[in-house]
Novice: 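Quick one: this structure, given as structure tokens, is what I'll be asking you about.
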Amino acid sequence: MSKIPETLRYSETHEWIEDLGNGRCRVGITDYAQELLGDLVYVEAPAVGKAIRGGEACGVLESVKAAADFYAPVDGTVTAHNEALGDHPQWLNEDPYGRGWIMELETHADACAGLMDAAAYGKLAES
């Protein structure tokens, strides 16, 4: 069974988002997503300063099996990306909710309101 932290919100495309306060959020892929993708070897994150729209592809994740798009869970502007993933893409597999975060966004205060809580995401991941 995949780990699904209670403190995060989730998208239907298997991204998690953590509210950091003051309209800032941290984003990554879920444990379930990294299990499906397999061993990740490359991450292409959106550039700092890029405006992104919720639900749209904004990056690429490559595993030994395939390449997959990474989707923005909410609208916002990229304020940081995890540069260490360039040298350590395996962190997405080993610690998807910690060292494996992908980007940080500046967004509006209630941006996460329409996303799933852990219980709802757990049901989606089971189906």
Side-chain angles (χ1 to χ4, degrees):
M1 176 81 175
S2 299
K3 292 179 249 170
I4 306 173
E6 296 282 331
T7 57
L8 305 176
R9 302 295 276 188
Y10 301 89
S11 70
E12 291 183 2
T13 52
H14 309 289
E15 287 81 24
W16 58 262
I17 188 164
E18 177 184 14
D19 186 348
L20 300 174
N22 298 323
R24 292 181 42 246
C25 298
R26 181 171 279 174
V27 180
I29 61 168
T30 65
D31 190 42
Y32 177 77
Q34 70 79 22
E35 287 174 3
L36 289 176
L37 289 167
D39 293 334
L40 288 147
V41 296
Y42 177 75
V43 178
E44 180 184 307
V48 171
K50 180 174 176 71
I52 57 175
R53 296 196 47 83
E56 293 184 358
C58 64
V60 176
L61 305 172
E62 291 183 18
S63 73
V64 294
K65 295 196 270 187
D69 287 332
F70 171 73
Y71 294 87
V74 296
D75 295 349
T77 301
V78 178
T79 58
H81 59 263
N82 188 349
E83 293 182 22
L85 291 178
D87 292 328
H88 305 284
Q90 72 275 10
W91 288 354
L92 287 161
N93 297 107
E94 296 168 358
D95 190 15
Y97 301 114
R99 292 184 304 175
W101 65 275
I102 296 173
M103 65 181 173
E104 290 184 356
L105 302 174
E106 185 173 306
T107 188
H108 53 88
D110 61 347
C112 299
L115 299 174
M116 291 179 275
D117 63 13
Y121 181 72
K123 289 178 185 174
L124 173 73
E126 287 176 7
S127 61

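Remember, it's a predicted structure, so these values are computed and weren't measured experimentally.
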Novice: Going by side-chain contact (heavy atoms from CB on, under 4.5 Å), name the residues that satisfy it together with Val41, two or more places apart in sequence or in a different chain.
Specialist: Glu62, Val64
Novice: Going by salt bridge (charged side-chain N to carboxylate O under 4.0 Å, His left out), name the pairs with one or both residues in residues 17-29, residues two or more places apart or in two chains.
Specialist: Arg24-Glu104, Arg26-Glu104
Novice: Does some side-chain heavy atom of Leu61 sit less than 4.5 Å from a side-chain heavy atom of Val43?
Specialist: yes
Novice: Yes or no on side-chain contact (heavy atoms from CB on, under 4.5 Å) for Ile52 and Asp75, after CA distance, side-chain angles and deciding distance?
Specialist: CA-CA 6 Å; Ile52 57 175; Asp75 295 349; over 6 Å; no
Novice: With sequence neighbours excluded, tell me which residues meet side-chain contact (heavy atoms from CB on, under 4.5 Å) with Asp95.
Specialist: Arg99
Novice: With sequence neighbours left out, which residue pairs that include part of residues 17-75 fulfil the ring pair (Phe, Tyr, Trp, His ring centres under 6.0 Å) condition?
Specialist: His14-Tyr32
Novice: Partners of Thr13 by side-chain hydrogen bond (donor to acceptor under 3.5 Å, both in side chains), sequence neighbours excluded?
Specialist: Ser11, Glu15
Novice: Got a donor-acceptor contact below 3.5 angstrom from the Ser63 side chain to the Leu37 backbone?
Specialist: yes
Novice: Evaluate side-chain contact (heavy atoms from CB on, under 4.5 Å) for Ile17 paired with Leu115, printing each intermediate quantity in order.
Specialist: CA-CA 9 Å; Ile17 188 164; Leu115 299 174; 3.3 Å; yes
Novice: Can you check whether Asp39's main-chain N or O pairs, donor with acceptor, with Lys65's side chain at less than 3.5 Å?
Specialist: no
Novice: Working to the nearest 0.5 angstrom, can you tell me the gap between Leu20 CG and Glu106 CD?
Specialist: 11.5 Å
Novice: With the side chain counted from C-beta on, respond yes when Ile29 and Leu92 share a heavy-atom pair under 4.5 Å apart, and no when they do not.
Specialist: yes
Novice: So, using side-chain hydrogen bond (donor to acceptor under 3.5 Å, both in side chains) as the criterion, who are the partners of Asn93 when residues are at least two apart?
Specialist: Gln34
Novice: Does a side-chain heavy-atom distance below 4.5 Å link Trp101 with Trp16?
Specialist: yes
Novice: Decide if atom CD of Glu94 counts as having more than 12 heavy atoms of other residues, nucleotides or ligands within a radius under 6.0 Å.
Specialist: yes
Novice: Test of understanding: with ring-ring contact (aromatic ring centres under 6.0 Å, His included), list the residues that count as partners of His108, not counting sequence neighbours.
Specialist: none
Novice: Output, in order, the C-alpha distance, side-chain angles, deciding distance and verdict of side-chain contact (heavy atoms from CB on, under 4.5 Å) for Met116 and Arg9.
Specialist: CA-CA 5 Å; Met116 291 179 275; Arg9 302 295 276 188; over 6 Å; no
Novice: For Ser127 versus Leu124, what's the shortest heavy-atom pair and its separation?
Specialist: OG-O, 2.8 Å
Novice: Please enumerate all residues that pass side-chain contact (heavy atoms from CB on, under 4.5 Å) together with Ala118, with sequence neighbours excluded.
Specialist: Ile4, Glu6, Tyr10
Novice: Quick one: closest heavy-atom pair of Tyr97 and Leu8, and the distance?
Specialist: CD2-CD1, 3.5 Å
Novice: For the CG atom on Asp110, are there more than 12 heavy atoms of other groups (residues, nucleotides or ligands in this structure) within a distance under 6.0 Å?
Specialist: yes
Novice: Donor-acceptor check, side chain of Asp69 to backbone of Ala57, threshold 3.5 angstrom: yes or no?
Specialist: no
Novice: Can you measure from CG (Leu85) to CE (Met103) and round to the nearest 0.5 angstrom?
Specialist: 12.0 Å
Novice: Atom NE2 in His81, atom SG in Cys58: separation rounded to 0.5 Å?
Specialist: 12.0 Å
